[in-house]
S.K.: 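Mind having a look at this structure? Questions to follow.
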Amino acid sequence: MDRARAAGHSWREIGDVLGTTRQAAFQRFGHPVDPRTGTPMSTKTAPGAAERAVAIVAFPAEGRWEEARGDFSARMSEALDAGRLAGAWARMASLVGGYEGMGEPFAHRVADHTVVEIPLRFEAGEATGRVVFDEDGKVAGLWLRP
């Protein structure tokens, strides 16, 4: 990637060669610079983030709402109580049916956070679970997207 970029190839061209988007290519192989400091940003993900994210998404699939919230930051705990989490899972089921399983999680770094994307399979469609961990390893975001 570094040689391709040094030769003047765009992220779009690199993504085309890899069969992906320019954004996905950059997220996987780029070396972003922190605009706050001018220094390269870390691309290291929090240890064990993928496994933790899988458990966090599996809990609602099993109706274990409170357990899913166990690693929430204080802000997330205030914003998403067990009832709201159950409601979000019910809305997902109304769109794509019953939960059937998940695919391989993909963890990557976005600024100061570790983001884990998990492909989810439902009886009538697919979705993505996204769990965002802050610098302290607490869950700072949780999304289910059809």
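Computed from a predicted structure; not experimentally measured. For reference, positions follow the sequence shown, starting with 1.
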S.K.: Could you check whether any side-chain N or O of Arg91 sits under 3.5 Å from a backbone N or O of Gly87, counting only pairs where one atom can act as donor and the other as acceptor?
M.R.: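 Pair found, side chain donor or acceptor close to backbone of Gly87.
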S.K.: Decide yes or no for Thr128 and Ile118: does some side-chain heavy atom of the first lie under 4.5 Å from some side-chain heavy atom of the second?
M.R.: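 No, every pair of side-chain atoms sits at 4.5 Å or beyond.
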S.K.: Looking at Glu78 and Arg75, is there a salt bridge between them, counting it only when a charged N and a carboxylate O are closer than 4.0 Å?
M.R.: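 So Arg75 does not pair with Glu78 through a salt bridge.
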S.K.: Is the closest side-chain heavy-atom distance between Arg130 and Val116 below 4.5 Å?
M.R.: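 No; the side chains remain at least 4.5 Å from each other.
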S.K.: So which atom in Pro60 and which in Trp89 form the shortest heavy-atom distance, rounded to 0.1 Å?
M.R.: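 Distance-wise, the nearest heavy atoms are CB-CE3, 3.7 Å.
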S.K.: Under a single-linkage definition using a 4.5 Å side-chain heavy-atom cutoff for Ile, Leu, Val, Met, Phe, Trp and Tyr, are Leu95 and Leu85 assigned to the same hydrophobic cluster?
M.R.: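 Leu95 and Leu85: one cluster.
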S.K.: How close do Val132 and Trp143 get, counting heavy atoms only, and between which atoms?
M.R.: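 That closest heavy-atom pairing would be CG2-CZ3, 3.3 Å.
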S.K.: Report, as yes or no, whether the 6.0 Å neighbourhood of atom CZ on Arg64 holds more than 12 heavy atoms from other residues, nucleotides or ligands.
M.R.: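 Above 12, so yes.
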S.K.: Going by heavy atoms in the side chains, are Val131 and Val54 under 4.5 Å from each other?
M.R.: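 No, side chains not in contact.
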S.K.: Answer yes or no: is there a side-chain heavy-atom contact under 4.5 Å between Phe106 and Val115?
M.R.: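 Answer no - side chains too far apart.
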S.K.: Restricting to non-hydrogen atoms, name the atom on Met102 and the atom on Val57 that form the minimum distance, rounded to 0.1 Å.
M.R.: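 So the two residues come closest at CE-CG1, 4.1 Å.
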S.K.: I need the minimum non-hydrogen distance between Gly103 and Arg121, along with the two atoms involved.
M.R.: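 Closest approach of Gly103 to Arg121, heavy atoms only: N-NH1, 3.6 Å.
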S.K.: Taking Phe133 as the starting point, is it possible to reach Met76 by hopping between hydrophobic residues whose side chains are less than 4.5 Å apart?
M.R.: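 Linked, Met76 and Phe133 end up in one cluster.
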S.K.: Would you say Val96 and Glu126 make side-chain contact, with heavy atoms under 4.5 Å?
M.R.: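 A side-chain contact under 4.5 Å is absent here.
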S.K.: Do Val139 and Ser73 come within less than 4.5 Å of each other through their side chains, counting heavy atoms only?
M.R.: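 Counting from C-beta outward, Val139 and Ser73 never come under 4.5 Å.
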S.K.: Start with the C-alpha distance between Leu144 and Leu120, add both sets of side-chain angles, then the distance that settles side-chain contact (heavy atoms from CB on, under 4.5 Å), and finish with yes or no.
M.R.: CA-CA 9 Å; Leu144 301 171; Leu120 303 173; 4.0 Å; yes
S.K.: Does any non-hydrogen side-chain atom of Glu104 lie less than 4.5 Å from one of Pro119?
M.R.: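 Sidechains of Glu104 and Pro119: no contact.
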S.K.: Just by modelled atom types, is the Glu13 backbone N or O under 3.5 Å from a matching donor or acceptor in the Arg22 side chain?
M.R.: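 Judged by distance alone, no pair lies under 3.5 Å.
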S.K.: Please check this pair: side chain of Glu123 against backbone of Gly98, looking for a donor-acceptor N/O pair closer than 3.5 Å.
M.R.: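 Judged by distance alone, yes, a pair lies under 3.5 Å.
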S.K.: Please work out whether the ring planes of Phe122 and Tyr99 are parallel, tilted or perpendicular, with thresholds of 30° and 60°.
M.R.: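 Correct class here is perpendicular.
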S.K.: Is a side-chain donor or acceptor of Arg5 paired with a backbone partner of His9 at a separation under 3.5 angstrom?
M.R.: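 Between the backbone of His9 and the side chain of Arg5 there is a qualifying donor-acceptor contact (under 3.5 Å).
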S.K.: Indicate yes or no: at least one non-hydrogen side-chain atom of His108 is less than 4.5 angstrom from one of Glu117.
M.R.: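 They are in contact (side-chain heavy atoms under 4.5 Å apart), so the answer is yes.
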S.K.: To the nearest 0.5 Å, how far apart are CG in Leu80 and CZ in Arg69?
M.R.: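 Reported to 0.5 Å precision, the distance equals 6.5 Å.
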S.K.: When you measure from the side chain of Arg12 to the backbone N and O of Ile14, does any donor-acceptor pair fall under 3.5 Å?
M.R.: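 Here the side-chain-to-backbone pair does not exist.
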S.K.: Check Ala127 against Pro146 and note the closest heavy-atom contact, atom names and distance.
M.R.: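 Reported closest heavy-atom pair: CB-CA, 3.8 Å.
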S.K.: Are Met92 and Ile56 connected in the hydrophobic side-chain network, where two residues link if heavy atoms are under 4.5 Å apart?
M.R.: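 Yes, same cluster.
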S.K.: So, the side chain of Asp136 versus the backbone of Lys138: is there a donor-acceptor pair under 3.5 Å, distance only?
M.R.: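 A pair under 3.5 Å: no.
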S.K.: On a heavy-atom basis, which atom in Leu18 and which in Ala25 lie closest, and how many Å separate them?
M.R.: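 Looking at all heavy atoms of both residues, the closest pair is CD1-CB, 4.4 Å.
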